[in-house]
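In what follows, a structure is listed as structure tokens, so that the remarks can point back to it.
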Amino acid sequence: QVLLVESGGGLVQAVGSLRLSCAASGRTFSSRAMAWFRQAPGKEREFVGGISGSGARSNYADSVKGRFTISRENAKNTVYLQMNSLKPDDTAVYYCAAAAGGLTYSSDSKYDYWGRGTQVTVSS
């Protein structure tokens, strides 16, 4: 069982920045790919970015490339999402997810564990 707890969400003005954190329980963190997804009101959940278990590989949705960076500290069982140049369209609940495997995946079906989410609101 892996427990994921997100933090760092809040209200920010457009072009501002936020850093989300996700703390994971358990001793298998470094073997698991991690990802951030988001869901805006009335929309389906979508992939934002993912990182391999070692941290060597990452991938992003086109909508956030160049603005968001995912990283991890395996010694702290924590994954981060640095969000820069935020836009109102980035407003959503952001979820952290953990996969059974260690590669990078963009499909939510690859992720077995999910946090409860943290709200990010970007005002114009």
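This chain uses plain numbering: 1 for the first residue, then up along the sequence. No hydrogens, no waters, no symmetry mates; every other heavy atom, side chains included, goes into these values.
The hydrophobic clustering, which links ILVMFWY residues whose side-chain heavy atoms are closer than 4.5 Å, places Tyr113 and Val48 together. Both Val12 and Met83 are part of a single hydrophobic cluster, where members link through side-chain heavy atoms under 4.5 Å apart.
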Could you tabulate the donor-acceptor pairs under 3.5 Å formed by side-chain atoms of residues 15-29, not counting sequence neighbours?
unit_1: Ser17; atom_1: OG; unit_2: Asn84; atom_2: OD1; d: 2.9
unit_1: Ser25; atom_1: OG; unit_2: Leu3; atom_2: N; d: 2.8
unit_1: Thr28; atom_1: OG1; unit_2: Arg32; atom_2: NE; d: 2.9

Pairs of donor and acceptor atoms involving the side chains of residues 57-66, under 3.5 Å and at least two apart or interchain, shall be tabulated with distances.
unit_1: Tyr60; atom_1: OH; unit_2: Ile70; atom_2: N; d: 2.9
unit_1: Asp62; atom_1: OD1; unit_2: Lys65; atom_2: NZ; d: 3.2

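Judged purely by atom type and a 3.5 angstrom limit, Ser52 has no side-chain atom pairing as donor or acceptor with the backbone of Leu103. Checked by atom type and distance alone, the side chain of Glu6 pairs as donor or acceptor with a backbone atom of Gly117 at under 3.5 Å. No donor-acceptor distance shorter than 3.5 angstrom exists from the side chain of Glu73 to the backbone of Asn77, with no hydrogens or angles considered.
Listed by first and then second residue, the ring pair (Phe, Tyr, Trp, His ring centres under 6.0 Å) pairs involving residues 63-108 amount to none (not counting sequence neighbours). For residues 105-115, the set of pairs meeting the salt bridge (Lys or Arg N to Asp or Glu O under 4.0 Å) definition, not counting sequence neighbours, comprises Arg45-Asp108. For residues 27-71, there are no disulfide (SG to SG under 2.5 Å) pairs, not counting sequence neighbours.
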Next item on the list: Any chance you could lay out the side chain to side chain contact (heavy atoms under 4.5 Å, CB included) test for Ile51 and Val79, step after step, and finish with the verdict?
Entry: CA-CA 9 Å; Ile51 189 166; Val79 63; 4.1 Å; yes
Check: Between Arg72 and Thr78, is a side chain to side chain contact (heavy atoms under 4.5 Å, CB included) present by the stated rule, with each step listed?
Finding: CA-CA 6 Å; Arg72 65 190 297 161; Thr78 303; over 6 Å; no
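Under the salt bridge (Lys or Arg N to Asp or Glu O under 4.0 Å) criterion, Asp89 pairs with no residue at all, not counting sequence neighbours. When the side chain to side chain donor-acceptor pair (under 3.5 Å) test is applied to Asp90, the partners found at least two apart in sequence or on another chain are Arg38, Arg67. Under the ring-ring contact (aromatic ring centres under 6.0 Å, His included) criterion, Phe37 pairs with Phe47, Tyr111, Trp114, not counting sequence neighbours. Not a single side chain to side chain donor-acceptor pair (under 3.5 Å) links Ser124 to another residue, sequence neighbours left out. Listed by chain and residue number, Thr121 satisfy the side chain to side chain donor-acceptor pair (under 3.5 Å) test with Gln119 (two or more places apart in sequence, or in another chain).
At a threshold of 4.5 Å between non-hydrogen side-chain atoms, the residues Gln82 and Ser71 do not count as touching.
Atom OG in Ser54 sits 8.0 Å away from atom CG in Asn74 (nearest 0.5 Å).
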